[in-house]
A.B. asks: 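Have a look at this one.
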Amino acid sequence: MDWATQLAASPGKRLDLMVLALEQALRLSCYCQTVSLSPSSPQIRECITPPSFDKRFKDEEWHRWPFNLIHQGFLLCDEWWHAATTNVRGVSRHHEHIVSFIARQWLDMLSPGNFPHTNPVVLRRTSETFGRNLIAGGINLLEDIERITTNRPPTHAHQYRVGIDVARTPGKVILRNRLIELIQYHPTTTHVKREPVLIVPAWIMKYYILDLSPHNSLIKHLIDQGYTVFCISWKNPGVKERDFELDDYLQLGFHTAIDTIGRIVPDRKIHATGYCLGGTLLAIAAAAMAREKDERLQSITLFTAQTDFRESGELALFIDENEVSLLEAQMEETGYLSAGQMAGAFQMLRSNDLMWSRMIHEYLMGERAPVSDLMAWNADTTRMPARMHGRYLRDLFLNNSLSEGRYRVKDEPITLFNIHAPIFCVATTADHVAPWRSVYKLHYLTPAEITFVLTTGGHNAGIVNSPERTDRTYRVLCRPAGGHYIPHQRWLNEADGRQGSWWPTWIEWLDARCSGQDRPPSIGPSESEIEHLTDAPGTYVYET
């Protein structure tokens, strides 16, 4: 209503849209006339080019008559609706983003690639297979409907079994409480770095995204480089855990973990590493520790973790006062936010990649997507306790309390400005959950030394980036402690561009902040305390 009312009161904007529509019609008619005279000429310039990230019309068949006109007309329509839903004077920024997002969702759904009679690739496959692709696609659809109605995991998930195919790095659960299991991994080198690494993963998914297949495991890579590695495995919360607070994740999770590590390797500082929400929690913990003059952190590493949520990307479309109140009412009944609600939101953020392209491939082309360990992990979803998630959304997303120095730990506010431990911060170029420019804002929240890495890939694939991946690139630049703020574009121009994985750069950064080597420490504080516990990956990781 806000958008429609302001558009109705903006004759200049409506005139601009009419002029754009006429100009587009002229471009399309000229293009139609040109291709009708020489339909097979490769020299014809199309009237609109899709953005680089839009892969829907990349196949050669889309550039032949009549599908070239079909997809060009659709892209022009997409362009017009983007113009219609943006830059309308008087519309609030949040409402503008919502209307633009909804318009894009409808256009994505109506894309000619989603229908067999307007998709030349599907038509060619149907002709080649005499329709067998549609039969196979129908079978795939029925299988998925049955799987969804019976609440079973995707068909490919069983090919990567936890503890056998993934999450198989040898270790021991050395501590278990009602929120976490703390895993200590067995060393693979005769000597290890004196300072251990603690990994704080996000509780929105299972921890083993950092311990996938052996060739894809960041945890195994760290161990092979001579590090003693500890990792938190969060409990999958249910109704009993509905009253867990964000402070519980801080106290029962992070602080319990570093206290336990301190008993195993006393008088040693810790390289703390946080991923996504785990990185945000680590930033909160580090600020609280700095306030208390607690200097147990040797360094801080943040993977795709936001600390300023004012421009937190398209995920913020689902987070305003109305939506949060609705979620709180729903969670009051269930006690938690279901995995399906979160998965649906993430799919809508990248509907072309995560939903429509998959449906075309599996239901129209009749082919199941190739299986990967990352896909299997992505299907292994978790829940979020009601009270914690409500505070997370209100304090961090809605009120942006952390970046503004109003977030409270133990009833006292904390500020990231107190953090002085060196920081290694990783963001990814195609991140729809934690956009890199939002992650980059850490630069003006703390005077600490920040080594910022921007790597190609998305929120997950950019982090799971083993040295075998030679197709990746990244940029890196260090701002010294107390250094001046560098704007985004200037950072892009000055950062050192490199080929391959950023993992070796991180290892070099950690090595430079280690005080030497020692014999590997014992597993756990004492054998008697952990003899009743289990081997890695523990038990919480299996909870569904």
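Residue numbers run from 1 in the order of the sequence given.
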A.B. asks: So R383 and E241, salt bridge (charged side-chain N to carboxylate O under 4.0 Å, His left out) or not? Walk me through it.
C.D. replies: CA-CA 10 Å; R383 297 175 291 272; E241 292 77 32; over 6 Å; no
A.B. asks: Do T456 and T428 touch side chain to side chain, with heavy atoms closer than 4.5 Å?
C.D. replies: no
A.B. asks: Evaluate the ring planes of W436 and F452, with Trp represented by its six-membered ring, and classify them as parallel (under 30°), tilted (30 to 60°) or perpendicular (over 60°).
C.D. replies: tilted
A.B. asks: Checking side chain to side chain contact (heavy atoms under 4.5 Å, CB included) against S501, which of N465, T470, V464 comes through?
C.D. replies: N465
A.B. asks: Using the ring centroid of each side chain, check whether F303 and W502 are separated by less than 6.0 Å.
C.D. replies: yes
A.B. asks: With the side chain counted from C-beta on, respond yes when Y227 and T189 share a heavy-atom pair under 4.5 Å apart, and no when they do not.
C.D. replies: no
A.B. asks: Using a 6.0 Å distance limit plus a 45 degree cone around the ring axis, check whether R498 lies over the aromatic ring of Y474.
C.D. replies: no
A.B. asks: Could you walk me through whether K235 and E543 satisfy the salt bridge (charged side-chain N to carboxylate O under 4.0 Å, His left out) test, starting with their C-alpha distance in whole Å, then the side-chain angles of each, then the deciding distance to 0.1 Å, before giving a yes or no?
C.D. replies: CA-CA 8 Å; K235 181 176 178 60; E543 294 181 339; 2.9 Å; yes
A.B. asks: Can E143 and R147 be counted as an ion pair, charged N to O under 4.0 angstrom?
C.D. replies: no
A.B. asks: Start with the C-alpha gap between E404 and R406, add the side-chain angles, then the distance that decides, and say whether salt bridge (charged side-chain N to carboxylate O under 4.0 Å, His left out) holds.
C.D. replies: CA-CA 6 Å; E404 296 178 5; R406 291 182 283 104; 2.4 Å; yes
A.B. asks: Between D294 and R296 (side chain of the first, backbone of the second, donor and acceptor by atom type, cut-off under 3.5 Å), is there such a pair?
C.D. replies: yes
A.B. asks: Hey, what's the ring geometry for H221 with W503, parallel, tilted or perpendicular (30° and 60° as the breaks)?
C.D. replies: tilted
A.B. asks: Can you name the nearest heavy-atom pair linking P447 to I419, along with the distance?
C.D. replies: CD-O, 4.1 Å
A.B. asks: Do side-chain atoms of W234 reach the backbone of P201 as a donor and acceptor pair under 3.5 angstrom?
C.D. replies: yes
A.B. asks: Check this for me, if you would: do D224 and K220 make a salt bridge, where the nitrogen-to-carboxylate-oxygen distance has to be below 4.0 angstrom?
C.D. replies: yes
A.B. asks: State whether the side chain of R513 and the backbone N or O of W509 hold a donor-acceptor pair below 3.5 Å, judged by distance alone.
C.D. replies: yes
A.B. asks: Taking C-beta and beyond as the side chain, do C514 and R194 meet within less than 4.5 Å on heavy atoms?
C.D. replies: no
A.B. asks: Any donor-acceptor pair under 3.5 Å linking the side chain of K193 with the backbone of Q225?
C.D. replies: yes
A.B. asks: Can you check whether D395's main-chain N or O pairs, donor with acceptor, with S401's side chain at less than 3.5 Å?
C.D. replies: yes
A.B. asks: Take the angle between the ring planes of Y392 and H389 and call it parallel below 30°, perpendicular above 60°, tilted in between.
C.D. replies: parallel
A.B. asks: Going by distance alone, is a donor N or O of one side chain under 3.5 Å from an acceptor N or O of the other, for N400 and S403?
C.D. replies: yes
A.B. asks: Between D431 and R437, is there a salt bridge with N-O shorter than 4.0 Å?
C.D. replies: no
A.B. asks: Would a line drawn from the ring center of W203 to the ring center of Y540 be shorter than 6.0 Å?
C.D. replies: no
A.B. asks: Are the side chains of R242 and P385 in contact, using a 4.5 Å heavy-atom criterion?
C.D. replies: no
A.B. asks: Take R268 and E195 through the test salt bridge (charged side-chain N to carboxylate O under 4.0 Å, His left out) and record every step on the way to the result.
C.D. replies: CA-CA 6 Å; R268 308 276 180 85; E195 289 77 19; over 6 Å; no
A.B. asks: Tell me, do Y275 and I463 make a side-chain contact under 4.5 Å, heavy atoms counted?
C.D. replies: yes
A.B. asks: Do the side chains of S299 and I423 get nearer than 4.5 Å, heavy atoms only?
C.D. replies: no
A.B. asks: Can you confirm whether more than 12 heavy atoms, excluding those of F417, are under 6.0 Å from its CZ atom?
C.D. replies: no
A.B. asks: Is it the case that the ring center of W377 lies less than 6.0 angstrom away from the ring center of Y160?
C.D. replies: no
